[in-house]
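The structure appears below as structure tokens.
Residue numbers start at 1 and run along the sequence shown. The analysis underlying the following values was restricted to heavy atoms, covering all of them including side chains, and did not include hydrogens, waters or symmetry mates.
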Amino acid sequence: MVFWVVPHLSSPFVRWPSLKNRLQSLCPSCSVTFHFEGQASNSAAAAASPVYLLKFFCLDRKGLLHDVTQVLSELELTIQKVKVTTTPDGRVLDLFFITDNMELLHTKERQDDTYKQLNAVLGESCISCELKLVGPEYERHHGISSLSPAIAEELFRFELSDKETRSQALSPDMAKLKKASVVIDNSLSPVHTLLQIVCVDHKGLFYDVLRTLKDCNIKIAYGRFSLNSKGYRDLDLFIQQNDGKKIVDPDKQDGLCSRLRMEMLHPLRVIISNRGPDTELLVANPVELSGKGRPRVFYDVTQALKSLGICIFSAEIGRYSSSEREWEVYRFLLDENCKFKFSSIGARNQIVDRVRRLLMGW
């Protein structure tokens with residue numbers, strides 16, 4: 001596999017040696033130079049990383065959660081779960097369950113560097129900060145608190161909700177996303193099915209396509225991924241079923257094309273709802289069969305809310321099962337003390353629009 005890559009505009013600095021090491025660690029030890037990673041190895045690699053609990057207690061301020069998340073991202077620490085609570089006296093207790101992409105968090109040098117970077121952001125507002133291997137509390141924080149049937153229906157429905165479709169803030173983007181073309185052709189290869197995709201570009205597009213094919217037990221033999229002049233992506237993938245045969249069943253072809261169109265149209269679910277008297281932002285994305293969730297979602301959402309000047313009263317990440325799929329759900333209870341009137345439909349659409357655009361890289 002050969003990839004020509006450039007840094008994303010939102011994070012132009014890339015640690016190239018670290019990226020190389022992480023890619024090499026994911027590939028199995030064998031005689032070939034490159035190998036397409038299988039599901040079993042992914043699961044084993046994910047299970048091998050120990051989970052640590054980062055707990056800190058400090059004075060609250062606007063943008064604090066994103067600033068901490070940015071530090072963890074720069075340190076290549078992956079957030080697995082989080083539980084954030086704001087106290088009535090203006091303090092915040094944050095529990096981050098993290099894994100180390102560099103597999104060095106057990107060393108004193110790595111831990112000291114983590115404390116140093118966090119203290120630089122928290123400053124004198126930090127009351128206490130602790131890092132340790134997780135205990136039984138990790139299992140207690142694994143799931144998401146209960147969702148009402150109405151919210152679960154809107155968040156996990158297969159098709160877009162009428163509310164999102166009618167939203168003026170999202171309609172221009174939705175119109176472009178709906179132009180996606182997914183075509184299957186069995187005439188160009190005696191042993192492979194050609195999958196041709198033309199769609200508007202967005203952050204994570206290649207990930208969404210490969211994740212969907214992986215979940216459908218589809219193997220990729222050859223492929224080309226290119227950008228045309230109008231901001232649309234062209235993908236040509238020669239694929240096979242898991243048994244090494246072409247996809248000739250019309251029902252399977254239609255099912256695969258429909259699934260891909262939906263994943264490109266609606267890769268992430270973003271809604272705002274009422275949680276009693278409070279306002280809650282919910283973001284959901286499908287979990288891979290290997291058990292991994294979409295990367296950097298928490299980072300992007302907190303960045304979007306910080307840019308809007310919206311404080312987060314509490315936050316949590318958990319897993320939720322619906323329609324025979326597992327979802328990673330991010331819940332943010334928004335602080336009413338900001339310039340936005342959450343009772344206004346226009347203000348809610350603006351928040352959803354900003355969050356969704358940042359998640360899509362627009």
Side-chain angles (χ1 to χ4, degrees), residues 10 54-73 79 81-98 118 121-129 141 144-148 150-152 154-155 163-164 167 169-170 268-285 296-318 320 328-359:
S10 63
L54 172 66
K55 178 170 63 175
F56 63 88
F57 186 53
C58 66
L59 300 178
D60 195 17
R61 62 170 172 80
K62 187 179 296 183
L64 172 66
L65 189 55
H66 176 70
D67 292 342
V68 172
T69 303
Q70 184 171 8
V71 170
L72 298 180
S73 177
I79 300 172
K81 308 291 174 191
V82 67
K83 183 71 174 180
V84 177
T85 304
T86 304
T87 63
D89 60 352
R91 303 184 184 192
V92 61
L93 174 64
D94 290 0
L95 305 177
F96 285 89
F97 297 92
I98 58 177
L118 286 170
V121 171
L122 299 175
E124 296 181 355
S125 65
C126 183
I127 300 172
S128 65
C129 185
H141 290 280
I144 194 78
S145 54
S146 61
L147 297 172
S148 70
I151 295 300
E154 182 177 0
L155 195 60
K163 185 188 302 182
E164 284 185 288
S167 169
L170 294 177
L268 296 125
R269 317 297 171 91
V270 184
I271 65 172
I272 283 185
S273 67
N274 293 326
R275 187 174 176 183
D278 302 314
T279 301
E280 184 176 47
L281 173 71
L282 296 103
V283 180
N285 58 268
R296 289 177 64 92
V297 173
F298 194 79
Y299 178 94
D300 287 339
V301 175
T302 54
Q303 182 181 2
L305 294 177
K306 179 182 178 180
S307 69
L308 291 170
I310 298 175
C311 292
I312 300 170
F313 183 77
S314 68
E316 63 175 319
I317 304 175
Y320 191 93
E328 197 163 50
V329 181
Y330 301 76
R331 304 183 71 170
F332 301 87
L333 205 60
L334 307 181
D335 193 337
E336 296 284 351
N337 297 321
C338 68
K339 64 180 181 180
F340 283 88
K341 300 297 182 181
F342 295 135
S343 59
S344 166
I345 295 178
R348 292 189 173 213
N349 284 343
Q350 185 179 350
I351 296 170
V352 170
D353 181 50
R354 179 67 65 86
V355 171
R356 197 166 189 272
R357 282 178 178 272
L358 198 56
L359 287 167

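Residues Leu72 and Leu54 meet the side-chain proximity criterion, which asks for heavy atoms closer than 4.5 Å. Under the 4.5 Å side-chain criterion, counting only non-hydrogen atoms from C-beta, Leu305 is in contact with Leu334. Side-chain contact between Tyr299 and Ile79 is absent, with no heavy-atom pair separated by less than 4.5 Å. Using a 4.5 Å cut-off on side-chain heavy atoms (C-beta onward), Ile312 and His66 make no contact. Considering only heavy atoms from C-beta on, Tyr330 comes within 4.5 Å of Asn285 through its side chain. In this structure, Thr87 and Leu93 have side chains that are not in contact, with every pair of non-hydrogen atoms separated by 4.5 Å or more.
Relative orientation of the Phe56 and Phe96 rings is parallel, given thresholds of 30° and 60° on the angle between their planes.
Looking at Asn349, Leu308, Ile310 one by one, the single match for side chain to side chain contact (heavy atoms under 4.5 Å, CB included) with Arg354 turns out to be Leu308. Put simply, the residue from Leu65, Leu281, Thr69 that forms a side chain to side chain contact (heavy atoms under 4.5 Å, CB included) with Val301 is Leu281.
Under the salt bridge (charged side-chain N to carboxylate O under 4.0 Å, His left out) criterion, Glu328 pairs with Arg319, sequence neighbours left out.
Heavy atoms only, all atoms of each residue included: Ser73 and Arg296 are closest at OG-NH1, 3.0 Å. Between Val82 and Phe97, the closest heavy-atom pair is N-CD1, 4.5 Å.
One finds the CZ atom of Arg275 at 9.0 Å from the CG atom of Leu147 (value rounded to the nearest 0.5 Å). Separating the OG1 atom in Thr85 from the CG atom in Leu95 is a distance of 7.0 Å, to the nearest 0.5 Å. Put simply, CZ on Phe57 and CG on Leu122 are 12.5 Å apart, with the number rounded to the nearest 0.5 Å. Taking SG of Cys129 as the start and CG of Asp94 as the end, the distance is 10.0 Å to the nearest 0.5 Å. Here Arg269 contributes atom CZ and Leu359 contributes atom CG; the two are 13.0 Å apart, rounded to the nearest 0.5 Å. In this structure, the separation between OG on Ser148 and CD on Glu154 is 9.5 Å, given to the nearest 0.5 Å.
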Practice task
Start with the C-alpha distance between Thr86 and Leu333, add both sets of side-chain angles, then the distance that settles side-chain contact (heavy atoms from CB on, under 4.5 Å), and finish with yes or no.
Solution key: CA-CA 10 Å; Thr86 304; Leu333 205 60; over 6 Å; no
Exercise for the section: List the steps and the verdict of side-chain contact (heavy atoms from CB on, under 4.5 Å) for Ser125 and Leu64. Expected result: CA-CA 11 Å; Ser125 65; Leu64 172 66; 5.5 Å; no
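Other residues, nucleotides and ligands place more than 12 heavy atoms under 6.0 Å from the CD1 atom of Ile127.
For residues 55-64, the side chain to side chain donor-acceptor pair (under 3.5 Å) pairs, not counting sequence neighbours, are Arg61-Asp67.
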